[in-house]
A.B. asks: 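One structure is given below, represented as structure tokens, and several questions about it will come after.
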Amino acid sequence: MTIHPKLPTNPIFVALDTPDLDKAIAWSEELHGHVGGIKVGLEFFSANGAEGVRRIVDLGMPLFLDLKFHDIPNTVAGAVRAVADLGATIINVHAAGGPAMLAAAREAAEKSVTRPLVIAVTVLTSLDDSDLSVVGQAIPARDQVVRLAQLAKSEGLDGVVCSPGEIRAIRDACGDKFKLIVPGIRPNWTASSDQKRITTPSQAHNDGADILVIGRPITDTKDPAAAAIRILEELGFCR
Ligand code: C5P
């Protein structure tokens, strides 16, 4: 029997963008109980591999393993099986890999003992309309995002990663149950850094985000736990 993971009530997944395992563990321990989960990505995985992921999972918080798989269906299915066995709660693949690849990813997740949520990446937020046109995609980024979200939904994926400005359009197109994972979150008391399309935690939550991916507003502070608590309070979670 497969178990479908439930997302935590606390919607904050803190992005630990570091190759340093000790630092990631220290942050995770400090934030335990104040965030709903941890997100690590390619930088962390390339430096620390499966063993590093196990060390984070062992700390007992849900893990979003942000590796954005994009390959032929058979290879993606194998990669999904491998990371599902590590105990990740959320994994992701590029929707542009197409219907067969998305279906292969979902089927591999469904067959694993701890069934992770499989989330699609639509159009990277680093790409604008002119970048898409250079790679031969003539339709506007916003339309391509909705199109790929609908494709992911039709192949049975659990949701998408999207920018704050895309939440409402995807919610309208894909319905209430489709999970929306949203980076680009900035409380109004922090710097926007390199993020361009940003919104506050409350606005994203009110617009319908299920998970708020927040990195530097928490990790680049002297007291990460205090920053996470302040965001939670702004979201109306009383502690
Ligand atoms: O520090 P910050 O809050 O900007 O971190 C956001 C996290 O979300 C980073 O790990 C970044 O790579 C990720 N992300 C993003 N925009 C996307 C997809 C992922 O900022 N479109």
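Bear in mind the structure is a predicted one, so any value in this text is a computation, not a measurement. We count ligands from 1, going down the list as the structure has it; atoms in each ligand are counted the same way. Along the sequence shown, the residues carry numbers beginning at 1.
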A.B. asks: According to the salt bridge (charged side-chain N to carboxylate O under 4.0 Å, His left out) rule, which pairs have a member within residues 58-79, sequence neighbours left out?
C.D. replies: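 Every pair satisfying salt bridge (charged side-chain N to carboxylate O under 4.0 Å, His left out) with a residue in residues 58-79: Lys39-Asp66, Asp66-Lys68.
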A.B. asks: Identify the heavy atoms of Ala225 and Glu30 that sit nearest to each other, and give their distance.
C.D. replies: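 That closest heavy-atom pairing would be CB-O, 3.8 Å.
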A.B. asks: Check whether the side chains of Asp128 and Ser130 place a donor and an acceptor atom closer than 3.5 Å, and report yes or no.
C.D. replies: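 Present: a donor and an acceptor within the cut-off.
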A.B. asks: Provide the closest heavy-atom pair for Asp210 versus Pro11 in the form atom of the first, atom of the second, distance.
C.D. replies: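 For Asp210 and Pro11, the tightest heavy-atom pair comes out as O-CB, 3.6 Å.
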A.B. asks: Taking all atoms of both residues into account, what is the closest heavy-atom pair of Ser192 and Arg186, and its distance?
C.D. replies: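 Taking every non-hydrogen atom into account, O-NE, 3.4 Å.
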A.B. asks: If you compare all heavy atoms of Arg171 against all heavy atoms of Gly208, which two are closest, and at what distance to 0.1 Å?
C.D. replies: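 Smallest interatomic distance, heavy atoms only, reads NH2-O, 2.7 Å.
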A.B. asks: Distances under 3.5 Å, N/O of ligand 1 against N/O of the protein: list each pair and its distance.
C.D. replies:
unit_1, atom_1, unit_2, atom_2, d
ligand 1, 1 (O), Arg216, N, 2.8
ligand 1, 1 (O), Arg216, NE, 2.7
ligand 1, 3 (O), Arg186, NH1, 3.0
ligand 1, 3 (O), Gly215, N, 2.8
ligand 1, 4 (O), Arg186, NH2, 2.8
ligand 1, 4 (O), Gln195, NE2, 2.9
ligand 1, 4 (O), Arg216, NH2, 2.8
ligand 1, 10 (O), Asp17, OD1, 3.1
ligand 1, 10 (O), Asp17, OD2, 2.8
ligand 1, 10 (O), Lys39, NZ, 3.0
ligand 1, 20 (O), Gln195, NE2, 2.8
ligand 1, 21 (N), Thr125, OG1, 2.7

